[in-house]
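Have a look at the structure below, then the notes.
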Amino acid sequence: MKKVLIISTSIRNGSNSEILARETEKGAKEKGHEVEFISLKDKEIKFCKGCFACQKLGKCVIKDDANDITEKIKNSDVIVWATPVYYYEMSGQMKTLIDRANSLFSSDYKFKEVYVITTSGEDSEQAKTCVLAGVQGWIDCFDGVKICGNVAAAANDANEIKNMPELLKQAFDMGKNI
């Protein structure tokens, strides 16, 4: 059994990426994993100041929700990022949290597996793969960590993904295969 952390970075109600993340959660729970789901909707996460104090302290000096989430990332075996795609990249909320998780670089982190869920307004190959490059840049900083799976969907309107059973199943199956 693995400890799985799912981080939904969309702040929109009816978010398609969050709906897919919930399906992944169901699959992982059915498999018997311990799963925690975090939504950034009501979280306060400020921008990184680039001071690198976190490298010495093991946590960021900024007092907001990022330190608690970073600690959960550190202690999880598996991280699942779910994000809408804005202008061919991850959401700003996701990027800001990744920047604020800089303290993990020098820590004894547990995670080795990363999964990615994306939804974008178009069905192009670039829209489906652009976030993977950013996530890969993050995990390249950590020994032994790899992207193990992803679900990429084209859905623009809120809740639209609910009418796409093949993508819901793909997300569920990804969770079940963690």
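The salt bridge (Lys or Arg N to Asp or Glu O under 4.0 Å) check on Lys41 picks up Glu18, with sequence neighbours excluded. Applying the side-chain contact (heavy atoms from CB on, under 4.5 Å) rule to Ala53 yields the partners Cys51, Leu57, Val61; only residues at least two apart in sequence or on another chain are considered. Listed by chain and number, the residues in a ring pair (Phe, Tyr, Trp, His ring centres under 6.0 Å) with Phe172 amount to none (sequence neighbours excluded).
Rounded to the nearest 0.5 Å, atoms CD (Glu36) and OG (Ser76) are 7.0 Å apart. Rounding to the nearest 0.5 angstrom, the gap separating the NZ atom in Lys56 from the OG atom in Ser103 is 14.0 Å. The CD atom of Glu113 sits 3.5 Å away from the NZ atom of Lys2 when rounded to the nearest 0.5 Å. Here the CG atom belonging to Asn102 is positioned 6.0 Å from the SG atom belonging to Cys48, to the nearest 0.5 angstrom. Residue Cys141 holds its SG atom at 10.5 Å from CG of Leu104, rounded to the nearest 0.5 Å. How far CD1 of Ile139 is from NZ of Lys112: 11.0 Å, rounded to the nearest 0.5 Å.
Residues Gln126 and Ser124 bring no donor and acceptor atom of their side chains to less than 3.5 Å of each other. Side-chain N/O atoms of Ser15 and Ser17 include a donor and acceptor closer than 3.5 Å. Between the side chains of Thr118 and Thr83, no donor-acceptor pair is found at a separation under 3.5 Å.
Here the side chain of Asn67 pairs a donor or acceptor atom with the backbone of Cys60 at under 3.5 angstrom. With hydrogens and angles disregarded, a donor-acceptor distance shorter than 3.5 Å links the side chain of Thr24 to the backbone of Ala171. For the pair Asp123 (side chain) and Ala154 (backbone), a donor-acceptor distance under 3.5 Å is absent. Not one N or O on the side chain of Asn156 forms a donor-acceptor pair closer than 3.5 Å with the backbone of Glu122. With Gln93 contributing its side chain and Thr9 its backbone, the two residues share a donor-acceptor pair below 3.5 Å.
Think of Leu20 as one node in a network of Ile, Leu, Val, Met, Phe, Trp and Tyr side chains linked at under 4.5 Å; its network also takes in Val4, Ile6, Ile19, Val35, Phe37, Val78, Val80, Tyr115, Ile117, Val151, Ile161, Met164, Leu167, Leu168, Met174, Ile178.
Crowding of Asp140 atom CG: a count of heavy atoms from other residues, nucleotides or ligands under 6.0 Å exceeding 12. For Lys110, the NZ atom counts as densely surrounded, since its 6.0 Å shell holds more than 12 non-hydrogen atoms of other residues, nucleotides or ligands.
Grouping the Ile, Leu, Val, Met, Phe, Trp and Tyr side chains by contacts below 4.5 angstrom, directly or via other members, places Leu132 with Ile7.
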Item checked: Derivation and outcome, side chain to side chain donor-acceptor pair (under 3.5 Å), residues Asn75 and Glu71 -> CA-CA 6 Å; Asn75 293 312; Glu71 190 66 20; 3.2 Å; yes
Side chain to side chain contact (heavy atoms under 4.5 Å, CB included) evaluation trace for Asp42 with Ile11
CA-CA 8 Å; Asp42 298 320; Ile11 56 174; over 6 Å; no
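Legend: ring pair (Phe, Tyr, Trp, His ring centres under 6.0 Å) pairs involving residues 123-142, not counting sequence neighbours, sorted by first then second residue: Trp81-Trp138, Tyr109-Phe142, Phe111-Trp138, Phe111-Phe142, Trp138-Phe142. Each salt bridge (Lys or Arg N to Asp or Glu O under 4.0 Å) pair with one or both residues in residues 87-106, not counting sequence neighbours, appears once here: Asp64-Arg100, Lys95-Asp99.
Annotation for Asn16 and Asp157: closest pair ND2-O, 2.9 Å, computed over non-hydrogen atoms.
Between Arg22 and Glu25 a salt bridge is recorded (basic side-chain N to carboxylate O distance below 4.0 Å). Salt bridge annotation for Glu44-Lys46: present, with a cationic side-chain nitrogen under 4.0 angstrom from a carboxylate oxygen. Taking the charged nitrogens against the carboxylate oxygens, Glu125 and Lys128 have no contact shorter than 4.0 Å, which rules out a salt bridge.
Of the candidates Lys169, Lys176, Gln170, Asp173 forms a side-chain hydrogen bond (donor to acceptor under 3.5 Å, both in side chains) with just one, namely Lys169.
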